[in-house]
Amino acid sequence: MASTPTFQLYNTLTRRVDPIEPAEQTADGTPHLRFYSCGPTVYAFAHIGNFRSFLTADLIVRTARALGWDTTYVTNVTDVGHLTDDDMTDPSGEDRMVKALRSKEGQRFANIWDLARYYTEALLRDWRALNLQEPDVRPRATEHIRPQILAVQQLIENGHAYETSQGIYFSVESFPDYGKLSGRGQDAEALVEGAAAQSRDVVTDPDKRDPRDFALWKKDDAHLMQWHSPWGWGFPGWHIECSVMANEYLGPSIDLHAGGEDLIFPHHECEIAQAESLSGEPFARYWAHTRFLQVEGEKMSKSKGNFYTVRDFIAPEPEGRDLDPLALRLTLLSGQYRKPFNFTFDTLRDNVRHVQRLQDVDALVDDAMAEDAPGDDFLGERLDALYDKALAALCDDLNTPAAIAAALEGAKMLGGVGSNLNGATARRAKDWLDQINALLGIIRHDETPASADDPEEEGLDVQALIDERDAARAAKDYERADALRDALQEMGYEVMDTPEGTQVRRQVRI
RNA sequence: GGUGACGUGGCCGAGUGGCUAGGCAGAGGCCUGCAAAGCCUCCUACGGCGGUUCGAAUCCGCCCGUCACCUCCA
């Protein structure tokens with residue numbers, strides 16, 4: 001094993017790639033990473049862009065664990081709908097979850113709580129399907145209303161917030177560091193002009209002291225989700241939930257905070273303002289942000305018809321395309337998180353192949369271990385070097401393309417040796433595959449051993465054709481064998497002849 | 001308008017002062033009854049123009065182009 005690489009990430013706060021140095025260590029000197037990653041608002045099925053962001057967090061955790069670090073990984077579920085236009089515009093505007101409830105898809109839900117529950121469950125299913133690490137805690141905003149109210153009260157008490165007839169606002173003026181993360185928000189005039197340039201309606205609460213001030217609590221006794229507070233019925237502002245939940249599970253000063261690039265401003269800027277005004281300590285020392293993906297070269301949007309949810313790909317037909325979720329995972333990892341990423345069907349197709357190849361090699365190694373042919377290990381060193389390369393790549397600001405390249409090189413090496421794998425080499429290869437899988441999660445699921453898509457489990461008619469074809473080949477009736485192959489391909493199967501006879505697998509249609 | 005990125009072979013995508021990334025597609029080969037899969041070999045590029053340097057895709061300057069964010073968003 002080569003010397004342990006230094007884990008470094010681009011830090012939005014310092015605008016450079018910084019080595020990650022957790023503030024805490026366990027008794028034996030092991031670094032302990034305390035990490036908070038912003039989760040989605042559950043008003044719809046998660047889309048592939050959401051998951052690109054969650055995958056960044058996933059890789060950070062996997063890399064830290066591969067380095068032997070302790071990790072506490074918290075990622076939230078935002079199940080409170082926040083205003084679509086927040087406080088800059090009409091504060092009586094609808095929120096996203098209310099909107100979803102009133103949409104056509106929303107008709108089947110009894111109420112907004114029902115909708116939130118449904119999409120939360122869908123999120124967790126997709127999460128597991130894409131083989132993301134389970135967080136240590138997955139707090140929900142609605143289950144942390146009281147600490148949010150207490151935080152708002154405290155902010156009023158220490159002079160960082162004030163009340164108007166419509167709500168409670170954070171006073172940006174009271175926090176001189178506002179803007180240190182995003183480089184924005186220093187200049188109230190520019191903010192208003194910027195919004196005007198986007199031809200947004202600039203309608204502020206007339207009692208707001210500064211256009212930059214943002215809502216901590218909205219007074220609204222007609223809202224579909226409301227709680228009682230010292231200021232009457234209403235609901236919390238968007239930014240306060242993450243500050244409060246991060247504090248609750250990780251303490252007032254955490255190591256690393258991550259999310260999508262859109263969250264830099266205003267969400268994370270506002271989180272910093274609230275959290276640091278409460279604790280007087282730096283909220284997070286490192287900030288990592290994932291760049292938005294594009295689809296076929298364009299911004300993903302419903303109006304362009306290129307908007308894809310995770311289930312569009314992995315759900316069984318006809319709702320989805322019945323793809324191996326790991327292929328979607330690999331596709332989303334195939335670009336570095338901080339670079340523009342263009343999601344294309346070509347890339348998806350390539351990655352279906354790559355996952356299949358890794359799984360084929362995995363099966364090959366299993367067979368070789370079972371056979372346990374004599375001989376010394378002759379690949380271990382080269383495989384170890386490839387694993388070190390993959391880990392070093394991830395440590396270098398999550399260079400996933402380089403890490404994946406190392407994985408594929410190893411697969412090629414094993415494929416080249418093929419059936420000449422002896423037992424000793426196969427065991428080393430299995431260790432390597434396990435390590436690569438722990439790092440990238442692209443060969444098999446970590447949690448539930450994949451048993452769902454057993455390739456043997458084909459329909460009766462398919463098995464009959466396979467048997468018939470094997471018989472025809474044994475009898476050297478190649479005309480018949482070729483006709484049967486054509487028939488199987490017609491039915492959507494890839495046909496391969498092996499020493500064990502005809503093998504088939506589902507042809508990927510995307 | 002403000003801020004920040006990016007432009008690498010037919011395509012995707014690493015690298016970032018001299019040393020083959022990797023993949024897809026394409027060509028040839030091994031294997032195969034023929035295929036498929038797999039493996040081997042080949043395909044050598046860095047937006048433009050200047051500059052620094054023994055040497056630049058890599059550093060500097062200018063220009064061109066693409067994209068993102070700027071209170072809906074992962």
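A note on names: the letters A, B, ... follow the listed sequences, proteins ahead of strands, and every chain is numbered from 1.
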[N] versus [M] - spacing of their [atom1] atoms, nearest Å:
| N | M | atom1 | value |
| --- | --- | --- | --- |
| A21(B) | U16(B) | C1' | 13 Å |
| G22(B) | G9(B) | C1' | 14 Å |
| C60(B) | U71(B) | C1' | 38 Å |
| U52(B) | G61(B) | P | 15 Å |
| A36(B) | C24(B) | P | 15 Å |
| G1(B) | U8(B) | P | 26 Å |
| A45(B) | A5(B) | P | 30 Å |
| C11(B) | C43(B) | C1' | 14 Å |

Base, sugar-phosphate alone, or nothing: which one does [X] contact when heavy atoms must sit under 4.0 Å apart?
| X | result |
| --- | --- |
| L293(A) | base |
| K412(A) | sugar-phosphate |
| D482(A) | base |
| G416(A) | sugar-phosphate |
| R485(A) | base |
| N399(A) | sugar-phosphate |
| H47(A) | base |

[X] [atom1] to [N] [atom2], straight-line distance once rounded to whole Å:
| X | N | atom1 | atom2 | result |
| --- | --- | --- | --- | --- |
| K99(A) | C73(B) | NZ | P | 11 Å |
| Q294(A) | C69(B) | CD | P | 9 Å |
| M413(A) | C40(B) | CE | C1' | 14 Å |
| K389(A) | G22(B) | NZ | P | 8 Å |
| R338(A) | A5(B) | CZ | P | 9 Å |
| K339(A) | G4(B) | NZ | P | 18 Å |
| M496(A) | G38(B) | CE | P | 9 Å |
| K180(A) | U3(B) | NZ | C1' | 19 Å |

Which nucleotide sits closest to the side chain of [X]: [options]?
| X | options | value |
| --- | --- | --- |
| R473(A) | C34(B), A21(B), G23(B) | C34(B) |
| R212(A) | A74(B), U71(B), A68(B) | U71(B) |
| D350(A) | A36(B), C24(B), C73(B) | C24(B) |
| D262(A) | G23(B), A68(B), A74(B) | A74(B) |

hbond_proxy [X] side chain to [N] base (donor-acceptor, 3.5 Å cutoff):
| X | N | answer |
| --- | --- | --- |
| R16(A) | G4(B) | no |
| R357(A) | A37(B) | no |
| N342(A) | C12(B) | no |
| R291(A) | C67(B) | yes |
| R96(A) | C73(B) | no |
| D360(A) | G38(B) | no |

Watson-Crick or G-U wobble partner of [N], both distances under 3.5 Å:
| N | result |
| --- | --- |
| G10(B) | C24(B) |
| C54(B) | G18(B) |
| C34(B) | none |
| G61(B) | C49(B) |
| U3(B) | A68(B) |

Any chance the side chains of Q463(A) and D467(A) put a donor and an acceptor closer than 3.5 Å? yes
For H160(A) and S174(A), does a side-chain donor sit closer than 3.5 Å to a side-chain acceptor? yes
Aromatic rings F170(A) and F214(A): how do their planes relate, parallel, tilted or perpendicular, breaks at 30° and 60°? parallel
For Y36(A) and Y286(A), I'd like to know if the aromatic rings sit close, meaning centre-to-centre distance below 6.0 Å. no
Residue mapping more 5' on RNA chain B - nearest nucleotide basis, N50(A) or E409(A): E409(A)
Walking RNA chain B from its 5' end, the first of V495(A) and G260(A) to be reached, judged by nearest nucleotide, is V495(A)
Validate the cation-pi geometry between [X] and [Y]: distance from NZ or CZ to the six-membered ring centre under 6.0 Å, angle to the ring axis within 45°.
| X | Y | answer |
| --- | --- | --- |
| R382(A) | W432(A) | no |
| K218(A) | F235(A) | no |
| R505(A) | Y493(A) | no |

Is the ring centre of F292(A) under 5.5 Å from the base ring centre of A74(B), and are the two planes under 30° apart, so that they stack? yes
Counting N and O atoms only, with roles assigned by atom type, does the side chain of R311(A) sit under 3.5 Å from a partner on the main chain of H47(A), one being a donor and the other an acceptor? no
Is a donor on one side and an acceptor on the other found under 3.5 Å between the side chain of T347(A) and the backbone of F343(A)? no
